[in-house]
Amino acid sequence: REWTTIKEYEDILFQQYGGIAKITINRPQVYNAFRPKTNEEMLDAMAICRERADIGVIVLTGAGDKAFCSGGDQKVKGIGGYIDDNGVPRLNVLDLHKAIRSIPKPVIAMVNGYAIGGGHVLHVVCDLTIASENARFGQTGPKVGSFDAGFGASYLARCVGQKKAREIWFLCRQYTAKEAEEMGMVNKVVPFERLEDETVEWCETILKRSPMAIRMIKRALNAELDGQRGMMEFAGDATLLYYLMAEAQEGKNAFLEKRDPDFSKFQKFP
Ligand code: 2NE
């Protein structure tokens with residue numbers, strides 16, 4: 001399969017195959033741990049995916065066969081966060097979580113090894129997770145001086161239930177791909193050699209579906225957890241659909257033509 005490069009970065013690969021964009025964290029020397037620059041680059045790639053009409057699904061993965069992502073790079077962790085090139089402490093992976101939730105296209109975690117700590121949260125936040133048999137899942141925060149009380153807690157609990165979520169966080173154990181699948185936080189487990197083919201097959205099936213229907217259902221599933229912000233995203237798309245209707249255009253046209261709008265011609269649905 002020929003992946004073509006969309007844009008060159010330092011910490012990530014950003015490639016395309018048909019309607020699929022693939023973002024690969026490319027820091028295998030630290031098991032694909034992220035630093036502030038990695039997240040900045042992933043945010044930039046996500047913004048491009050959002051704008052590009054020819055991209056319908058985004059795959060997030062890690063380079064090599066050892067790790068999907070091992071969380072925040074402990075080697076650049078300072079006081080107050082992960083230190084960027086200007087010496088500023090950051091936790092900008094949270095902006096990436098927001099971008100994954102907000103982009104109106106499915107994001108699939110293709111987990112090729114360890115999904116640990118903030119790397120585990122990253123796969124949890126994605127819409128779907130496909131894992132290879134060698135993948136290992138777990139949180140480490142309470143062991144290494146961190147925690148994610150955002151989606152990494154609340155959405156994890158929605159996926160695996162409150163008791164399991166508490167177990168995962170309180171004990172900081174590692175779980176096999178099969179255990180993660182049984183818990184409900186992984187959609188499918190395949191042998192490592194099948195991982196990309198399986199993921200591409202899922203993407204290609206999704207690409208055959210109605211993009212607007214997928215968009216609305218992602219918004220609806222998010223809104224249940226995301227409170228006012230989730231309702232805002234859902235409502236924004238309701239407005240988009242309304243703007244596409246002749247009924248909305250009549251209002252705007254009437255204003256520009258300095259006449260009263262005539263909405264009587266539009267059907268009132270039961
Ligand atoms: C992933 C795991 C379990 C793998 O263990 P093992 O024994 O197979 O490999 P090893 O030797 O630990 O790691 C291989 C290389 O990758 C580096 C290691 O230091 C090692 O390099 P060398 O020392 O040999 O040069 N490496 C691995 N993970 C790294 C990391 N996160 N940062 C920097 N270097 C890393 C094992 O490596 C592990 O447990 N890793 C740490 C996982 C972790 O605790 N991550 C941070 C959690 S906190 C977080 O991510 C977070 C959050 O909680 C909330 C918000 C945002 C972020």
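Heavy-atom basis, side chains included; hydrogens, waters and symmetry copies ignored. Every number for a ligand or one of its atoms is a count from 1 in the order of the listing.
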Q | Pairs touching residues 126-141 that satisfy salt bridge (charged side-chain N to carboxylate O under 4.0 Å, His left out), sequence neighbours left out | A |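 Qualifying pairs: Asp127-Lys218.
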**Q.** Lys188 charged N/C atom sitting above Trp202 aromatic ring, 6.0 Å / 45°
**A.**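 Checked: cation-pi criterion not met.
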Could you list each N/O atom of ligand 1 together with any protein N/O atom closer than 3.5 Å, one pair per line with the distance?
unit_1: ligand 1; atom_1: 19 (O); unit_2: Lys75; atom_2: NZ; d: 3.1
unit_1: ligand 1; atom_1: 28 (N); unit_2: Ser70; atom_2: OG; d: 3.1
unit_1: ligand 1; atom_1: 31 (N); unit_2: Ser70; atom_2: O; d: 3.0
unit_1: ligand 1; atom_1: 31 (N); unit_2: Ser70; atom_2: OG; d: 3.4
unit_1: ligand 1; atom_1: 31 (N); unit_2: Gly72; atom_2: O; d: 3.0
unit_1: ligand 1; atom_1: 32 (N); unit_2: Gln74; atom_2: N; d: 2.9
unit_1: ligand 1; atom_1: 44 (O); unit_2: Thr140; atom_2: OG1; d: 2.8
unit_1: ligand 1; atom_1: 45 (N); unit_2: Ser70; atom_2: O; d: 2.9
unit_1: ligand 1; atom_1: 50 (O); unit_2: Gly72; atom_2: N; d: 2.8
unit_1: ligand 1; atom_1: 50 (O); unit_2: Gly118; atom_2: N; d: 2.8
unit_1: ligand 1; atom_1: 53 (O); unit_2: Ser146; atom_2: OG; d: 2.8

Q: Using a 4.5 Å cut-off on heavy atoms from C-beta on, say whether the side chain of Met110 contacts that of Thr24.
A: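 Counting from C-beta outward, Thr24 and Met110 never come under 4.5 Å.
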Q: Go through the steps to decide whether Thr199 and Ile108 satisfy the test side-chain contact (heavy atoms from CB on, under 4.5 Å), and finish with yes or no.
A: CA-CA 8 Å; Thr199 308; Ile108 303 182; 4.1 Å; yes
Q: Fit a plane to each ring of Phe14 and Tyr9, take the angle between them on a 0 to 90° scale, and name the class: parallel (under 30°), tilted (30 to 60°) or perpendicular (over 60°).
A: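 Because their plane-to-plane angle lies in the 30° to 60° range, the rings of Phe14 and Tyr9 count as tilted.
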Q) Side-chain heavy atoms under 4.5 angstrom apart, residues restricted to Ile, Leu, Val, Met, Phe, Trp, Tyr: same cluster for Leu128 and Met183? A)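 Each belongs to a different hydrophobic cluster.
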